[in-house]
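First comes the structure, then the notes that go with it.
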Amino acid sequence: MAIPFITCTGSACIFDKTPDWFTLIFEIVVIAIALILLIWFSEKDSKVFYKYFFILLGVLLFDFFTHPMWNSYRLGSWAYIYRDVSWILSINLANLILISTKIAESIFKNKTDAIKFIYSVLFMIPFVWLSEWLLITMGVRSYSPEIQVIMPNLFLFKVPIGALYYIPAYTALLIGFAKYWELYLENKPLVPVRKPDWKVSLPISLIVVFLFEIMVEPMVQNVGLPKWSYIYRDISFLLSGLWVLVIWLSINIIDRKLFYFDLVRKFIAYMILAGLIMLPVESFLIRAGIRVYGPSATANFSGFMIPYFNVPSEIAFAIPFYLALVIATIKYWHILYENRKVAK
Amino acid sequence: MRVGFAFLKIIIGIIVVLIIGTIFSNGYIDGFLAFVAASIICTGGVGLVFWIPVVYISGSLALRLFYFIKREPYPESVQKTQPKTPSGPANAVVTEYILKARKSGMIDKDIKTLLLRSGWSEEEIVNSFKPVSL
């Protein structure tokens, strides 16, 4: 017996899904590369399948809440998992992350994890650029009107020059998420710190949240805040500062009160605490007319609202997705710092 | 480890439920997701009482099947046979670190120095060494 389902008939679901031969070859190549990489790396790294799973999970989380910013059409109806979020493109990005991290690890074998991280992000720039060029050429990739407005009219291999900011910003988050879980998977002897340094987690939180806020800025407008608080377009340091404060406080409270938790339990605790604070705050800001979601984002809203909070379900789901990437990246860098400090 | 394994069960369970649900929804994952969302949101979250056990049990069964095919003992059944340590929750994480550090070739003296620098008290460190004393 088929479970009754609600058919999506909005513009977010009805788009050209018909692939051409070139796109089909691209899809087969992406899947083949994933398989080859996993088989190849599994000879040296027995946990590569788990690591790849967390890379892919991070990419999917990112794709789920940022997909209104770009369009991914003509990949075939089988290639989509939600709206125009495609598992094939997620695998493609996961492949690139795995390749760049492995290259950085092999070239900079004797360098610190921080150096390897930075080079992984740098290697991602040409890889993603090439991938975007290919997608644009195939007619798969296009950008939302909100993105096109803010991008300068400069292109390099058909890719807007603004990608020079976007690519390192989001790949840093995706690699940060994957690296956090790698710490857990690899069973490295990381010194458990009794009272982590809050003075260090604050600037890390500030950098990560602001980098990300600038990236997702086209999706949502922050209006009605004091003029002097706007630092770039409609990004207000009052609002972004509030997110920094919520995330930073949540991390510090959990680190101090639940210091005996392992990485997994701590991560869940950060998410729950920060999410419980952010959901009502976001609800208040939407109802007060301060947070106004753009047409590309609202076109994807299903109409389901979270009872009591009156927040679209897509926003309610986006909050933990956003937190998962941001918190994992902050904590990864925090753990690296603490361990380096203790070892000195 | 147990929480980590429970987390893995949930992740696997989500994937299993998604696959089965999509098959029952004539291949429309969008439709199945909308159905799940509606069953949770329209009931003010009460629907989770149904979905959480379903996901957990599905993940558990899938993992049991995986270990059965691999002909390896199911991790939780192995854990139950291990003796419980007198270590309290406050130093379990330190004890785990001691084991990992020893495995990586560090000597106890260096481990203790690092733990002291990390803010643990002498008493906490001594207690944490007890369950794994050589």
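Chain identifiers are assigned alphabetically (A, B, ...) following the order of the sequence lines, protein sequences preceding nucleic acid strands; residue numbering begins at 1 within each chain.
Classification of the Trp120(B)-Phe259(A) ring pair by plane angle, with boundaries at 30° and 60°, yields perpendicular.
When heavy atoms are compared at a cutoff of 4.5 Å, Phe53(A) approaches chain B solely by way of its side chain, counted from C-beta outward.
Expressed to the nearest 0.5 Å, how far CD of Glu96(B) lies from CG of Leu190(A) amounts to 10.5 Å. From Ile81(A), atom CD1 reaches atom CG of Leu33(B) across 8.5 Å, with rounding to the nearest 0.5 Å. Here Glu338(A) contributes atom CD and Ser118(B) contributes atom OG; the two are 8.0 Å apart, rounded to the nearest 0.5 Å.
Other residues, nucleotides and ligands place no more than 12 heavy atoms under 6.0 Å from the NZ atom of Lys195(A). Under a cut-off of 6.0 angstrom, the local environment of OH in Tyr50(A) is sparse, with at most 12 non-hydrogen atoms contributed by other residues, nucleotides or ligands. Other residues, nucleotides and ligands contribute over 12 non-hydrogen atoms within 6.0 Å of the CZ atom of Arg256(A). Summarising the local packing, NZ of Lys112(B) is surrounded by 12 or fewer heavy atoms from other residues, nucleotides or ligands at distances under 6.0 Å.
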>> For a side-chain contact (heavy atoms from CB on, under 4.5 Å) check, start with the C-alpha distance between Glu124(B) and Arg194(A), then their side-chain angles and the critical distance, and finish with the verdict.
In response: CA-CA 11 Å; Glu124(B) 282 171 323; Arg194(A) 184 71 168 77; 3.4 Å; yes
> Between Ile11(B) and Phe54(A), does a side-chain contact (heavy atoms from CB on, under 4.5 Å) hold up when you go through it step by step?
Replying inline: CA-CA 11 Å; Ile11(B) 298 288; Phe54(A) 280 105; over 6 Å; no
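Looking only at side-chain heavy atoms (C-beta outward), Leu115(B) and Pro192(A) come within less than 4.5 Å of each other.
Closest of all the heavy-atom pairs between Tyr260(A) and Val93(B) is O-CB, 3.7 Å. The minimum heavy-atom distance between Val191(A) and Leu114(B), with the atom names listed, is CG1-O, 4.0 Å.
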